[in-house]
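Naming: A, B, ... by sequence-line order, numbering from 1 per chain.
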2 protein chains.
Amino acid sequence: MAGKNLVGPEADALDLGTVFRALADEHRRSVMTELAADRSDSERGCNSFNLPISKQTQTHHFRVLREAGLIDEIDYGNRKGIRLRRADIDKRFPGLLTLLGAESPGGTAPR
Amino acid sequence: MAGKNLVGPEADALDLGTVFRALADEHRRSVMTELAADRSDSERGCNSFNLPISKQTQTHHFRVLREAGLIDEIDYGNRKGIRLRRADIDKRFPGLLTLLGAESPGGTAPR
DNA sequence: CTTCAGGTACGATGCAAGTCGTACCTGAAG
DNA sequence: CTTCAGGTACGACTTGCATCGTACCTGAAG
């Protein structure tokens, strides 16, 4: 029943340019801001972000975030889980998540 | 003769999305990395970065950095000065310059 | 004055990226 | 089995952006 974790880059292989490019998009950054604000780092569903875009585009954005090494995607077949790679990000780019958290309007904020 | 400072956004008006978009480009990020590594924050000429691009494109990149609020451009008429807005960046996005400095090839890395 | 280098303005071009439509796959529930 | 919702694959479209060519401006030096 355990889904398989889709592959992303190793912690040491994270590239700052790729990360900045991933965070340049408003939708992806809003996802990361929400994830960074949740200190429990619990696994979340893809729909829990209420992104105002089609599901194909959501697939695209989550893929970009995963390939940048910012999130893990757990594949359950007909469902998908999202989890922030907080430890790896803090190790490679300390302060980055704090930067994102500072933009948080105060926790869970739709827009 | 003191040149006039070309306008950029106020420190409080810096937008994280605009900053990330500015830093997503390799050339602009290399400029910022060099500036962040120089703790003296001295004014620099536009040619001191040895960017492998035409001067029109350089004009474009420096404009993007200025409009993002990351640098000041001092216009001397037929010459231009570049200066890092370290204080404003540190105030609005603490840790960002450290992040850039960590990517510096031989610059000042935090130890 | 003329010349020249640094810089800008405008337009064109080529490429990367965000978005969605259609079709298809997967697993759970009837 | 069939149905259905979540997700993906592929392709097309459109926008944004980095780049450069041409022309022009600015100030300093002859």
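For the segment residues 23-31 of chain B, residues with any heavy atom less than 4.0 angstrom from an atom of DNA chain D are, sorted by number, B:Asp25, B:His27, B:Arg28. A heavy atom lying under 4.0 Å from DNA chain D marks the following residues of residues 54-73 of chain B, by number: B:Ser54, B:Gln56, B:Thr57, B:His60, B:His61.
Atom CG of A:Asp38 is separated from atom CG of A:Leu35 by 7.5 Å, given to the nearest 0.5 angstrom. One distance of note links CG of A:Leu65 with NE2 of A:His27; it measures 12.5 Å at 0.5 Å rounding.
A chain of hydrophobic side-chain contacts below 4.5 Å, direct or via other Ile, Leu, Val, Met, Phe, Trp or Tyr residues, connects A:Leu23 to A:Phe49. When the side chains of ILVMFWY residues are joined at heavy-atom separations under 4.5 Å, either directly or via intervening members, A:Val64 and A:Leu96 end up in two distinct hydrophobic clusters.
Pairs of residues two or more places apart, or lying in two chains, never qualify as salt bridge (charged side-chain N to carboxylate O under 4.0 Å, His left out) while including a residue from residues 51-61 of chain B.
Remark: A:Leu16 pairs with A:Phe20, A:Phe93, B:Arg29, B:Leu100, B:Glu103 by the side chain to side chain contact (heavy atoms under 4.5 Å, CB included) rule, at least two apart or across chains. For A:Ser48, the side-chain hydrogen bond (donor to acceptor under 3.5 Å, both in side chains) criterion is met by A:Arg44, not counting sequence neighbours.
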Query raised in the report: When Watson-Crick pairs (N1 to N3 and N6-O4 or O6-N4) and G-U wobble pairs (N1-O2 and O6-N3) count only below 3.5 Å on both distances, what is the dot-bracket string of DNA chain D, with | for other-strand pairs?
Result: ||||||||||||||||||||||||||||||

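Between the P atom of D:dG7 and the CG atom of A:Leu51 lies a distance of 12 Å, rounded to the nearest Å. Atom-to-atom, CG of A:Asn78 to C1' of D:dA9 comes out at 17 Å; the value is rounded to the nearest Å. Regarding A:Tyr76, its OH atom lies at a distance of 12 Å from the P atom of D:dG7, rounded to whole Å. If you measure from atom NZ of A:Lys80 to atom C1' of C:dC25, you get 14 Å, rounded to the nearest angstrom. Rounded to whole Å, the distance from CG on A:Asn47 to P on D:dT8 is 11 Å. Distance CG (A:Asp75) to P (C:dC25): 16 Å, rounded to an integer number of Å.
Picking from D:dC20, C:dA28, D:dT26 the nucleotide with the shortest atom distance to the side chain of B:Ile53 gives D:dC20.
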**Report entry** Steps toward side-chain contact (heavy atoms from CB on, under 4.5 Å) verdict (A:Arg83, A:Asn5)
**Finding:** CA-CA 10 Å; A:Arg83 190 181 297 141; A:Asn5 198 329; 5.7 Å; no

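Listed for the A:Arg66 side chain is a donor-acceptor partner under 3.5 Å among the backbone atoms of A:Val7.
A salt bridge links A:Glu26 to B:Arg21: one of the charged nitrogens lies within less than 4.0 Å of a carboxylate oxygen.
Shortest non-hydrogen contact noted between B:Met32 and B:Leu97 is CE-CD2, 4.4 Å.
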